[in-house]
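Report on the structure given below.
Just the heavy atoms: all of them, side chains too, but no hydrogens, waters or symmetry mates, feed the values below. Naming convention: chains lettered A, B, ... in sequence-line order (proteins, then strands); numbering from 1 in each chain.
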Amino acid sequence: MAAQAVTPQSVDFSKWYNEIVYRADLAAQSPVRGCIIIKPYGYELWDAIKNGLDRRFKATGHRNAYFPLFIPESYIKREAQHVEGFSPELAVVTIAGGKELEEPLIVRPTSETIIGEAFAQWIQSYRDLPLLINQWSNVVRWELRTRPFLRTAEFLWQEGHTAHATHDDAEAETLQMLDVYADMAINDAAIPVIKGRKSEQEKFAGALRSYTIEAMMGDKKALQSGTSHNLGQNFATAFDIKYLDVNNEQQICWTTSWGLSTRFVGAVVMAHGDDTGLRLPPRLAPIQVVMVPIYRDEDGERVVMEAVSRLQAALLDAGIRLHVDTRDERPGFKFNDWEMRGVPVRIEIGPKDVANNTVVLARRDMPGKAGKQFVSQDGIVEAVKTLLGDIHDNMLEQATQFRDANIHEVEGDYNRFREIVADSWAYTWFCGDAECEKKIQEDNQAVSRCFPLEQDAGEGPCIVCKGTAKERALFAKAY
RNA sequence: CGGGGUGUAGCGCAGCCCGGUAGCGCGCACCGUUCGGGUCGGUGAGGUCCCGGGUUCAAAUCCCGGCACCCCGACCA
């Protein structure tokens, strides 16, 4: 039989990624350039991400709403930086119902403008603030170069939009939502992310400040996995979002927006996957446990399936997402198949196990024999629950160690800096100047990722111009 | 948007140079065999050879034009 292994990460990470996405059944190619079909398994993964976020959004007082897909062209043009940032990648509808439209409609690349217009009508008084809205939607950005999940012409996401009375309120909201993203990434996806502020060059078109959670992928490239923006009064001014304060004076609102997209599915794949396939974090895995019955004749089948039904009922009762693989395939095939799909735990059960009242528990995060253990059927639910927790912890630990081993601090030595960013992340003093950033980008393929929020105070020489820098930044090659 | 590549069965490809009945592997269906780490054998279904035009008795193959997708760079969640 032909080898069915994927291209190893070490040979060609990019190729590995593409193969995994299709072979693990996350997505399929679509007839439309730059778009993908998200298949059920991939969508279930997105659903899990989505549910984790939605729960957190609601817990912090946000409400979901839905705004139109089509945005009048004039709206996009109201905020100068915004239009400049987005115009190259807009899809525009000029004909509808067989007639040329009086005003072209933009297929939303993001909804600040149309939501801003609505906010202007909804907000009259300081009593209406803060206004905390979230939308789950699709957006379109006509990217020239696309990759499944990481950058597609159409993608799914959520975009939060809020309005506040003061700059500080808006800033608190922006940072709170960044925390929400980080919490989901770490506790649901087992991806250790670094919270930071984007440089002036890298911030959102029209924002006062942009924040990001940055994650390190298996090839050591950085992936911006979620962003949160303090929009200041830029959009509020452009869209007349005003309120009367306690003194009956007109004030301009402060707004925020924050988004996390199906790109995060790509983050899960690239942060955890290995040469055997996907490795899904237990809390997001659509299937947490797969049970593979093993037998060689009808007697064996009867006795094994009886035990399978019993264990299945117990595990499903406990709320574990379980799948029993009864396909007419050899066990070895099934093992490999589910490993490709990243299922965290596999239960093998055969006649010998039934005789011994045991099962084999195999964990995806530890390959081969090392990850296998015999456990008693009696304590199966607890054993599985504990194991799922252990796997999450271990995956987070592995990813954290990998990340920390590949971030190197450097001070003042530009040559050393260049060596570092060639292969990993550099952490260094950076003045934030556009010219300095440009030089780094031109000399290396790396760009600034963020000024990490958690760093010791102090100052040092900017890695490029040697001028006094008050913050350190992370630099890396990025997706 | 620049550079390269590829369009032939669901997927991966050969055939094209040198025109002559469209093939291989995997997958799929059925039968048997096997089943604790990617079984083996048999039978079978499945094709606008990317599209349009041209040359020719005859085009997957040669010529002209178009389209699509993929990969690599610059730009971006």
Side-chain angles (χ1 to χ4, degrees), chain A residues 1-6 12 14-15 17-19 22-23 28-36 84-90 109-110 138-159 181 198 201-205 207 210 212-215 222-229 257-267 276-277 292-298 300-301 304 325-340 346-354 356 358-360 362 367-369 371-372 374 441-442 445 447 478-479:
Chain A
M1 170 163 289
Q4 306 202 359
V6 291
D12 187 339
S14 206
K15 206 168 171 186
Y17 176 78
N18 278 324
E19 289 177 13
Y22 297 123
R23 290 186 48 182
Q29 295 191 0
S30 85
V32 182
R33 195 200 86 98
C35 295
I36 56 169
E84 191 187 331
F86 279 105
S87 49
E89 53 193 47
L90 297 179
T110 180
N138 59 336
V139 287
V140 168
R141 299 180 187 177
W142 213 252
E143 300 289 349
L144 297 171
R145 181 148 178 227
T146 58
R147 306 194 59 192
F149 293 112
L150 299 175
R151 179 169 297 104
T152 46
E154 178 189 10
F155 56 93
L156 307 181
W157 77 343
Q158 57 68 218
E159 44 180 326
Y181 288 154
K198 283 288 181 188
Q201 292 66 235
E202 295 280 323
K203 74 182 186 186
F204 176 74
S210 288
T212 173
I213 50 171
E214 293 288 325
L223 184 74
Q224 177 176 314
S225 307
T227 48
S228 185
H229 316 287
S257 70
W258 24 277
L260 187 145
S261 73
T262 37
R263 163 179 271 197
F264 201 86
V265 172
T276 313
V292 179
I294 296 161
Y295 46 79
R296 64 172 65 219
D297 52 32
E298 282 184 12
E301 175 172 2
V304 168
D325 187 353
T326 54
R327 289 177 298 174
D328 186 18
E329 298 282 358
R330 291 192 84 197
F333 174 88
K334 295 180 181 178
F335 296 171
N336 285 285
D337 193 43
W338 291 111
E339 280 165 9
M340 174 64 69
R346 179 179 69 241
I347 297 176
E348 305 169 15
I349 175 165
K352 291 179 210 164
D353 296 302
V354 175
N356 298 333
T358 59
V359 297
V360 173
K369 279 229 161 77
K372 286 199 188 191
F374 288 92
Q441 197 169 345
E442 283 170 2
Q445 285 167 344
V447 292
Y479 278 98

Rounding to an integer number of angstrom, what distance separates [N] and [M] when you compare their [atom1] atoms?
| N | M | atom1 | result |
| --- | --- | --- | --- |
| G2(B) | G46(B) | P | 44 Å |
| G37(B) | A45(B) | C1' | 32 Å |
| A59(B) | C51(B) | P | 14 Å |
| G27(B) | C72(B) | P | 29 Å |
| C17(B) | G25(B) | P | 25 Å |
| C11(B) | G47(B) | C1' | 15 Å |
| G66(B) | A58(B) | P | 26 Å |
| U61(B) | C49(B) | C1' | 10 Å |

Using modelled atom types and a 3.5 Å cut-off, is there a donor and acceptor pairing between side-chain atoms of [X] and backbone atoms of [Y]?
| X | Y | value |
| --- | --- | --- |
| Asp337(A) | Phe333(A) | no |
| Asn18(A) | Lys15(A) | no |
| Lys334(A) | Val292(A) | no |
| Tyr17(A) | Asp12(A) | no |

With a 6.0 Å cut-off on ring centres, are Phe155(A) and Phe264(A) close enough?
-> no
Reckon [X] touches a base, only the sugar-phosphate, or nothing at all at heavy-atom distances under 4.0 Å?
| X | answer |
| --- | --- |
| Ser261(A) | base |
| Thr212(A) | nothing |
| Arg327(A) | nothing |
| Gly259(A) | nothing |
| Gln224(A) | sugar-phosphate |
| Lys352(A) | base |
| Val139(A) | nothing |
| Ser257(A) | nothing |
| Pro351(A) | base |
| Leu223(A) | nothing |

Report the distance from atom [atom1] of [X] to atom [atom2] of [N], rounded to the nearest whole Å.
| X | N | atom1 | atom2 | result |
| --- | --- | --- | --- | --- |
| Lys334(A) | U34(B) | NZ | C1' | 13 Å |
| Asn356(A) | G36(B) | CG | P | 18 Å |
| Asn138(A) | A77(B) | CG | P | 18 Å |
| Asn336(A) | G36(B) | CG | P | 12 Å |
| Glu329(A) | G27(B) | CD | C1' | 11 Å |
| Asn18(A) | C71(B) | CG | P | 5 Å |
| Glu348(A) | C35(B) | CD | C1' | 13 Å |
| Asp337(A) | U39(B) | CG | P | 12 Å |

Under 3.5 Å on both distances, the Watson-Crick or G-U partner of [N]:
| N | answer |
| --- | --- |
| U43(B) | A29(B) |
| U48(B) | none |
| C1(B) | G73(B) |

Which atoms form the tightest heavy-atom contact between [X] and [Y], and what is the distance?
| X | Y | result |
| --- | --- | --- |
| Ile294(A) | Pro331(A) | CG1-CG, 3.8 Å |
| Val140(A) | Trp142(A) | CG1-CE3, 4.0 Å |
| Leu223(A) | Ala267(A) | CD2-CB, 3.4 Å |

Any [X] side-chain nitrogen or oxygen under 4.0 Å from OP1 or OP2 of [N]:
| X | N | result |
| --- | --- | --- |
| Arg330(A) | G36(B) | yes |
| Thr152(A) | A77(B) | no |
| Gln441(A) | C75(B) | yes |

What's the verdict on side chain to side chain contact (heavy atoms under 4.5 Å, CB included) for Trp338(A) and Asp325(A), showing C-alpha distance, side-chain angles and the deciding distance?
-> CA-CA 10 Å; Trp338(A) 291 111; Asp325(A) 187 353; 2.7 Å; yes
When only distance counts, do a donor and an acceptor, one from the side chain of Lys369(A) and one from the base of G37(B), lie under 3.5 Å apart?
-> no
Donor-acceptor pair under 3.5 Å, Arg145(A) side chain vs G2(B) base | no
Walking RNA chain B from its 5' end, the first of Thr262(A) and Leu144(A) to be reached, judged by nearest nucleotide, is Leu144(A)
RNA chain B: Tyr479(A) or Tyr22(A), which has the more 5' nearest nucleotide?
-> Tyr22(A)
By ring-ring contact (aromatic ring centres under 6.0 Å, His included), which residues pair with Tyr295(A), not counting sequence neighbours?
-> none
List, with names and distances, any nitrogen or oxygen atoms from the protein found under 3.5 Å away from nitrogen or oxygen atoms belonging to nucleotides 66-69 of chain B.
| residue | atom | partner | partner atom | Å |
| --- | --- | --- | --- | --- |
| C69(B) | OP1 | Arg33(A) | N | 2.8 |

Test side-chain hydrogen bond (donor to acceptor under 3.5 Å, both in side chains), reference Ser210(A), set His229(A), Lys198(A), Gln224(A), Lys203(A), output is His229(A)
Among G36(B), C35(B), G37(B), the one nearest Lys372(A) by side-chain distance | G37(B)
What's the closest nucleotide to the Gln445(A) side chain, out of A74(B), C72(B), G37(B)?
-> A74(B)
